[in-house]
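Taking it in order: structure first as structure tokens, then the write-up.
Worth saying up front: this structure is predicted, and the values here are computed from it rather than measured.
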Amino acid sequence: MAHVLGQNQYGKAENRIVRVYRDSTRHEIKDLNVSVSLQGEFEDVHLTGSNANCLPTDTTKNTVYAFAKEYGIESAEAFGILLARHFVDDTERGVVHSARIRIEEYSWDRIRTPDSSARFIGSEEVGHSFVRTGQETRTSEIVYDGTNVQVVSGLKDLVVMNSTNSEFWGYIKDKYTTLQEAYDRILATQVTARWKYGFSGRDGEAQPNWNRSYQHVKRHLLEAFAETYSYSLQQTLHAMGTRVLNNRAEVDEVRLELPNKHHFLVDLSPFGLENDNEVYYAADRMYGLIEGTVHREGVTPVIPVA
């Protein structure tokens with residue numbers, strides 16, 4: 001029976017890169033984790049062992065670092081587009097047909113000290129000292145096939161909570177149901193969000209302001225979570241995705257993964273105490289996982305299910 005080589009790709013994963021800008025005493029930092037994956041004419045590499053069409057993964061790693069120096073990192077998305085286009089358009093003999101760049105970006109805050117204004121007039125920050133921000137990780141995935149660019153940005157590990165304005169009742173009940181209906185509960189989740197831009201990268205098409213767009217999308221996600229009186233986490237998911245699409249014309253599709261971080265009231269009656277929605281047990285496992293996509297009418301969703 002004949003065997004056929006199916007879909008294949010290769011690259012260098014998780015290239016950790018920190019780019020420091022030292023143009024003044026107030027340094028700037030970009031901290032990225034960049035993964036490169038290439039598809040193309042790689043049959044011989046698998047079938048015969050010939051490496052004539054193989055761009056070494058070490059070369060892709062070196063390119064990431066060299067480009068960070070040569071071109072800088074204005075945003076994860078712009079940097080990913082630059083890399084993807086290079087691997088497809090500039091690789092010898094055109095053997096690379098498609099490049100996928102996945103990037104995680106880690107944020108840092110400046111360390112403030114009481115006497116820093118004495119060292120840097122008008123500033124409460126030490127220009128070269130940072131503390132890793134304990135919030136979300138920014139993500140981006142850029143795919144370029146020689147014609148079109150596809151950009152899917154996102155975030156993960158953004159933990160949010162509403163201490164009220166959430167209910168859950170009226171659900172299906174059978175002989176295995178023990179969950180009590182809740183008319184005032186904590187709603188908490190750890191948001192993973194991805195959104196696809198309408199940007200295609202064709203000649204003459206201006207790139208969105210990626211950094212500004214990211215901040216606005218994050219703001220709309222948070223505002224929708226905070227302002228929605230929730231009867232289910234599914235309802236909240238839809239409100240969050242809809243808020244982004246209503247306010248950000250450059251976004252066509254939003255995919256959300258929302259684990260329900262359950263908080264259970266602790267029974268304090270054995271101690272003669274009444275628990276009036278004040279003391280909870282925060283359970284990290286197991287959890288309900290709510291997932292869904294919200295997209296514009298007429299748009300075919302492309303963000304894969306995790």
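- Checked against the 6.0 Å centroid criterion, the rings of Y287 and H262 do not qualify as a close aromatic pair.
- Annotation for E181 and G170: closest pair OE2-N, 2.9 Å, computed over non-hydrogen atoms.
- Heavy-atom neighbours of E278 CD from other residues, nucleotides or ligands within 6.0 Å: above the threshold of 12.
- L38 has its side chain within reach of T60: a pair of non-hydrogen atoms, C-beta onward, lies under 4.5 Å apart.
- For the pair F42/N8, a side-chain contact is recorded, criterion being any heavy-atom separation below 4.5 Å from C-beta on.
- Checked for salt-bridge contact, K218 and E136 meet the test: a charged N lies under 4.0 Å from a carboxylate O.
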Problem set entry | Working for side chain to side chain donor-acceptor pair (under 3.5 Å), residues S153 and S140 | CA-CA 4 Å; S153 295; S140 57; 5.5 Å; no
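- The backbone N or O of V305 lies less than 3.5 Å from no partner atom in the side chain of R255, so there is not a single donor-acceptor pair.
- Side-chain N or O atoms of H86 include none that pairs as donor or acceptor with a backbone N or O of D90 at under 3.5 Å.
- No side-chain donor-acceptor contact under 3.5 Å links D44 to the backbone of T48.
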For this session: Give the C-alpha distance, both sets of side-chain angles, the deciding distance and a yes or no for side chain to side chain donor-acceptor pair (under 3.5 Å) between Y144 and D89.
Result: CA-CA 10 Å; Y144 175 57; D89 294 340; 3.1 Å; yes
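- Residues L222 and L158 have side chains in contact (heavy-atom distance under 4.5 Å, counting atoms from C-beta outward).
- Residue R93 qualifies as enclosed at atom CZ: its count of foreign heavy atoms under 6.0 Å is above 12.
- Within the 4.5 Å cutoff, the side chain of V36 has heavy atoms near those of the V64 side chain.
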Exercise. Which is it for R185 and N165 under the side chain to side chain donor-acceptor pair (under 3.5 Å) test, yes or no, and what are the steps along the way?
Worked result: CA-CA 7 Å; R185 66 171 184 167; N165 286 358; over 6 Å; no
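- Judged as a ring pair (Phe, Tyr, Trp, His ring centres under 6.0 Å), and not counting sequence neighbours, the contacts of Y229 are Y231.
- For an aromatic pair to be called close, the ring centres must be under 6.0 Å apart, and F199 with W210 satisfies this.
- The existence of a salt bridge linking E141 and R194 is excluded, since no basic side-chain nitrogen approaches an acidic carboxylate oxygen closer than 4.0 Å.
- Cation-pi geometry between K30 and Y21 is not met: the NZ or CZ atom fails to fall both under 6.0 Å from the ring centre and inside 45° of the normal.
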For this session: List the steps, then state whether salt bridge (charged side-chain N to carboxylate O under 4.0 Å, His left out) holds for K156 with E104.
Result: CA-CA 9 Å; K156 63 180 182 179; E104 296 180 344; 2.5 Å; yes
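- Atom CD of E105 is separated from atom OG1 of T137 by 10.0 Å, given to the nearest 0.5 angstrom.
- The shortest side-chain heavy-atom distance between H238 and L256 does not fall under the 4.5 Å cut-off.
- Using a 4.5 Å heavy-atom threshold, the side chains of S213 and E250 count as touching.
- Of the possible polar contacts, one joining the T91 side chain to the F87 backbone as a donor-acceptor pair under 3.5 Å is found.
- Side chains of N162 and I186 form no contact here, defined as non-hydrogen atoms less than 4.5 Å apart.
- Using a distance-only test at 3.5 Å, with no hydrogens or angles considered, a donor-acceptor pair links the side chain of N275 to the main chain of V266.
- Open room surrounds CG on D203; 12 or fewer heavy atoms of other groups in view lie less than 6.0 Å from it.
- Heavy-atom contacts from other residues, nucleotides or ligands closer than 6.0 Å to CD of E14 number 12 or fewer.
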Exercise. Are I101 and F79 close enough, and set up right, to give a side chain to side chain contact (heavy atoms under 4.5 Å, CB included), and what steps lead you there?
Worked result: CA-CA 9 Å; I101 313 296; F79 188 60; over 6 Å; no
Problem set entry | side chain to side chain donor-acceptor pair (under 3.5 Å) between Y106 and W108, worked out | CA-CA 7 Å; Y106 311 112; W108 294 78; over 6 Å; no
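- A donor-acceptor contact shorter than 3.5 Å links the side chain of N209 to the backbone of R212.
- A salt bridge between R19 and D31 is absent, with no side-chain N of the basic residue lying under 4.0 Å from a carboxylate O of the acidic one.
- Here L179 sits in one hydrophobic cluster together with F168, Y171; the rule is ILVMFWY side chains under 4.5 Å apart, joined directly or through other members.
- Ring-centre distance between H216 and Y214: not below the 6.0 Å cut-off.
- Other residues, nucleotides and ligands contribute only 12 or fewer heavy atoms inside 6.0 Å of the NZ atom of K69.
- Partners of S269 under the side-chain hydrogen bond (donor to acceptor under 3.5 Å, both in side chains) rule, at least two apart in sequence or in another chain, are D267.
- Taking a 6.0 Å sphere around CD of E70, one finds it holds more than 12 heavy atoms contributed by other residues, nucleotides or ligands.
- More than 12 heavy atoms of other residues, nucleotides or ligands lie within 6.0 Å of CD in Q7, so this atom counts as buried by the packing criterion.
- Note on E227 versus R243: salt bridge recorded, some NZ/NE/NH1/NH2 to OD/OE distance being below 4.0 Å.
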